[in-house]
S.K.: 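Take this structure, written in C-alpha cells, and hold onto it; I'll ask about it next.
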Protein chains: 2
Amino acid sequence: MSLDLFNRSGVENITTRHIAKELGISQGNLHYHYPNKDKLLETLFSDMLTALKSAERIIEDKPLDPQQMLLSMTDNFKIMYSYRLFFQQNDVIWRRLPEIKEVMTLLFQTKQSEILALIELYKKEGKFREEISARQVEFLAEQFIFNIQSWLNVKDYNPDKVSFAYYAKLLFRLWLPYLHPTEMKTWEKLLD
Amino acid sequence: MSLDLFNRSGVENITTRHIAKELGISQGNLHYHYPNKDKLLETLFSDMLTALKSAERIIEDKPLDPQQMLLSMTDNFKIMYSYRLFFQQNDVIWRRLPEIKEVMTLLFQTKQSEILALIELYKKEGKFREEISARQVEFLAEQFIFNIQSWLNVKDYNPDKVSFAYYAKLLFRLWLPYLHPTEMKTWEKLLD
DNA sequence: GTCTATACAGCGATAGAC
DNA sequence: GTCTATCGCTGTATAGAC
C-alpha cells in the first residue's frame with residue numbers, strides 16, 4: 001500500500017518504482033492508473049477526508065457530552081494517524097500541492113469555530129469560571145485545534161505503547177483550568 | 001545563503017548546484033568545503049544551537065520575572081524563525097539526520113524540566129490556584145514546550161504582519177487560567 | 001490493461017587540470 | 001582552493017508490443 005510507504009519512508013523518498021513493486025505491478029502500469037505521483041497523493045488525501053467525514057458523530061441540535069466528545073476525538077486521532085503523512089510531512093506536501101494546504105486550513109478553521117461555539121455554550125451554562133475573558137475563550141479554542149493539528153508533528157507517537165484514547169484525554173486537559181473547581185475535579189477523574 | 005534557500009524552497013528541493021550558484025562558486029568547489037549536503041545541514045544546525053545558547057539570559061539563582069520571560073521568548077522565536085527549516089521541515093531533516101532529532105528532543109526535554117521547576121515555584125509562591133493538581137502542572141509545562149516546538153509548523157507565520165512579541169504573549173496565555181483571579185487580570189493586561 | 005524498454009532530466013559526488 | 005567535465009545513479013514519465 002502506497003499509504004504505508006509514504007507514512008514510513010517519506011513522500012520525497014518513495015518513488016513510483018517502490019509503489020509499483022509493493023503493489024506487484026509494473027511501473028508503467030502504475031502510471032496508467034495514476035498519471036503521476038501527485039495524483040496518488042491527492043487520492044490519498046481525499047480518502048482521508050471521506051474517512052474523517054464518515055467518522056463524524058451526528059451532532060444535529062444537541063451538543064455532545066464530554067464522554068461522547070472523547071470517543072469522537074479518539075476516532076479522529078485513529079484516522080489521522082493512519083494518514084499521518086499529511087500532518088508529519090505537511091511541509092513537503094503543502095509545497096507540492098498547495099490545494100491540500102488550503103483545504104486543510106479551511107477544514108481546521110471550521111472545526112475551530114465549531115469548538116468555539118461549544119465552549120461558549122459551556123460558559124453560558126456556568127460550567128466555566130466567570131472571570132475568564134472572551135479573548136481567553138477564543139485562545140482556548142485556538143489551542144484546542146492547534147493541538148489536534150500538531151500532536152503528530154513533534155512526538156514519536158507509537159500506537160503500541162500509548163492508546164489513542166490517552167491522547168484524546170490529554171487534549172481535553174486543556175479545558176480543566178477553565179472549569180469551576182468542583183466541575184474540574186470530576187473532569188480530571190474522567191481524564192486520568 | 002543556503003539557510004534562506006532551505007527555508008524557502010525545502011531541503012529536498014535545494015541541490016548543491018543551487019547553493020553553489022547562490023554563493024557564486026562552482027559545485028565542485030562547494031563539495032571541497034562541505035563534503036556533502038548533510039554536512040551543510042549539520043553546520044546550520046550547530047549555528048542555530050550557538051545562537052540559541054548566546055541568547056539565553058543569565059538566570060543564575062534568581063528566576064526571571066514575567067516581563068523578562070517575554071523578552072527572552074521573543075528572542076528565541078526570532079532565532080527559531082531564521083532557522084525555521086529545523087521546525088517546519090523536521091520530518092525530512094530528522095529522517096536524514098537522526099542525530100539532529102536526538103539533540104532537539106533532548107534540548108526541549110531540558111527546557112521542559114526548567115519550565116516545570118519555574119511553574120512549581122510560582123505555585124509555591126501562591127500565584128497559582130490551590131486546586132490545580134500536580135498532574136495538571138506537568139501538563140502545563142508539557143503544553144508550553146509543545147507550543148514552542150510547533151508554533152511554526154502549522155501556521156503561516158509572516159514576520160511582516162505579526163511580531164514575534166505577539167507570539168510570545170500568545171504563548172504565555174497558556175498560564176492565565178491557572179493563576180489566581182486577581183493575578184490573572186494583571187497578567188492578561190500585560191499579554192494584550 | 002499490463003508489460004518491457006527506454007528516454008531524458010536531475011541528483012550527489014568525484015577526477016583531474018590549473 | 002577553484003575550476004570544468006563527467007561518472008553513476010535514480011527520478012518521472014512515455015512508447016510501443018502484446
Side-chain angles (χ1 to χ4, degrees), chain A residues 1-48 83-104, chain B residues 1-48 83-104:
Chain A
M1 193 66 169
S2 63
L3 176 59
D4 295 321
L5 289 176
F6 284 141
N7 274 338
R8 261 204 304 276
S9 306
V11 169
E12 84 281 12
N13 296 316
I14 293 300
T15 69
T16 50
R17 284 181 224 263
H18 291 131
I19 297 169
K21 192 171 186 184
E22 175 81 12
L23 291 172
I25 61 172
S26 72
Q27 196 200 0
N29 191 7
L30 178 69
H31 273 93
Y32 173 80
H33 291 289
Y34 297 92
N36 55 47
K37 197 170 151 182
D38 285 347
K39 187 69 203 165
L40 215 54
L41 284 170
E42 281 167 15
T43 306
L44 289 176
F45 183 64
S46 82
D47 287 353
M48 180 180 75
Y83 291 91
R84 61 191 177 280
L85 76 155
F86 294 110
F87 303 96
Q88 292 178 335
Q89 307 178 46
N90 58 346
D91 188 85
V92 173
I93 293 174
W94 291 358
R95 202 173 266 127
R96 288 182 78 109
L97 298 163
E99 320 89 80
I100 289 189
K101 176 178 182 171
E102 277 170 40
V103 174
M104 282 180 76
Chain B
M1 194 67 171
S2 63
L3 176 59
D4 294 321
L5 289 176
F6 284 141
N7 274 337
R8 262 203 304 275
S9 306
V11 170
E12 84 281 13
N13 297 318
I14 293 301
T15 70
T16 50
R17 285 174 224 265
H18 291 131
I19 297 169
K21 192 171 185 183
E22 174 82 11
L23 291 172
I25 61 172
S26 70
Q27 195 202 2
N29 192 7
L30 178 69
H31 273 92
Y32 173 80
H33 291 289
Y34 298 92
N36 54 48
K37 196 170 152 182
D38 285 347
K39 187 70 202 164
L40 215 55
L41 284 170
E42 282 168 14
T43 306
L44 288 176
F45 182 65
S46 83
D47 287 352
M48 180 181 73
Y83 291 92
R84 61 191 177 280
L85 76 155
F86 294 109
F87 303 96
Q88 292 178 334
Q89 308 178 47
N90 58 345
D91 188 85
V92 173
I93 294 174
W94 291 358
R95 202 172 264 128
R96 288 183 79 109
L97 298 163
E99 320 90 81
I100 289 188
K101 176 179 182 171
E102 277 171 39
V103 174
M104 281 179 76

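Here the structure is a predicted model, which means the values were calculated and not measured.
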S.K.: Around atom OH of Y34(B), are there more than 12 heavy atoms from other residues, nucleotides or ligands closer than 6.0 Å?
M.R.: no
S.K.: Let me spell it out: for each of G28(A) and T15(A), pick the nucleotide of DNA chain D with the closest heavy atom. Which residue's pick is nearer the 5' end?
M.R.: T15(A)
S.K.: Which nucleotide wins on minimum distance to the side chain of N36(B), given the candidates dG12(C), dA13(C), dT2(C)?
M.R.: dA13(C)
S.K.: Grab the NE2-C1' distance between H33(B) and dG1(D) for me, whole Å please.
M.R.: 6 Å
S.K.: Give the rounded distance in Å between these two atoms: CD1 of I14(B) and C1' of dC11(C).
M.R.: 13 Å
S.K.: Rounded off to whole Å, could you give me the CG-to-C1' distance for the L41(A) and dT12(D) pair?
M.R.: 14 Å
S.K.: Taking atom types as they are modelled, would you say the side chain of R17(A) forms a donor-acceptor pair with the base of dT10(D) within the 3.5 Å cutoff?
M.R.: no
S.K.: Among dG1(C), dT12(D), dT4(D), which nucleotide sits nearest the side chain of Q27(A)?
M.R.: dT12(D)
S.K.: Rounding to an integer number of Å, can you tell me how far K37(A) NZ sits from dA13(D) P?
M.R.: 9 Å
S.K.: How close or far is atom P of dG16(C) from atom OH of Y32(B), stated in whole angstroms?
M.R.: 17 Å
S.K.: Taking CG from L5(A) and P from dG11(D), how many angstroms apart are they, rounded to a whole number?
M.R.: 13 Å
S.K.: Output yes when at least one side-chain N/O atom of H31(B) is less than 4.0 Å from OP1 or OP2 of dA15(C), else no.
M.R.: no
S.K.: Report the nucleotide, chosen from dT2(C), dT12(D), dT4(D), that has the shortest atom-to-atom distance to any side-chain atom of T16(A).
M.R.: dT12(D)
S.K.: Is the shortest heavy-atom distance from the side chain of R96(B) to the side chain of V11(B) under 4.5 Å?
M.R.: yes
S.K.: With no hydrogens and no angle check, is any side-chain donor or acceptor of S46(B) less than 3.5 Å from a backbone partner on T43(B)?
M.R.: yes
S.K.: Has Q89(A) got a side-chain atom pairing as donor or acceptor with F6(A)'s backbone, closer than 3.5 angstrom?
M.R.: yes
S.K.: Rounded off to whole Å, could you give me the CG-to-P distance for the L40(A) and dT12(D) pair?
M.R.: 10 Å
S.K.: In whole angstrom, what separates D38(B)'s CG from dA13(C)'s C1'?
M.R.: 13 Å
S.K.: Taking only the side-chain nitrogens and oxygens of N29(A), find out if one of them lies under 4.0 Å from OP1 or OP2 of dC3(C).
M.R.: yes
S.K.: Does any N or O in the side chain of H18(A) come within less than 3.5 Å of the main-chain N or O of T15(A), such that one atom is a donor and the other an acceptor?
M.R.: yes
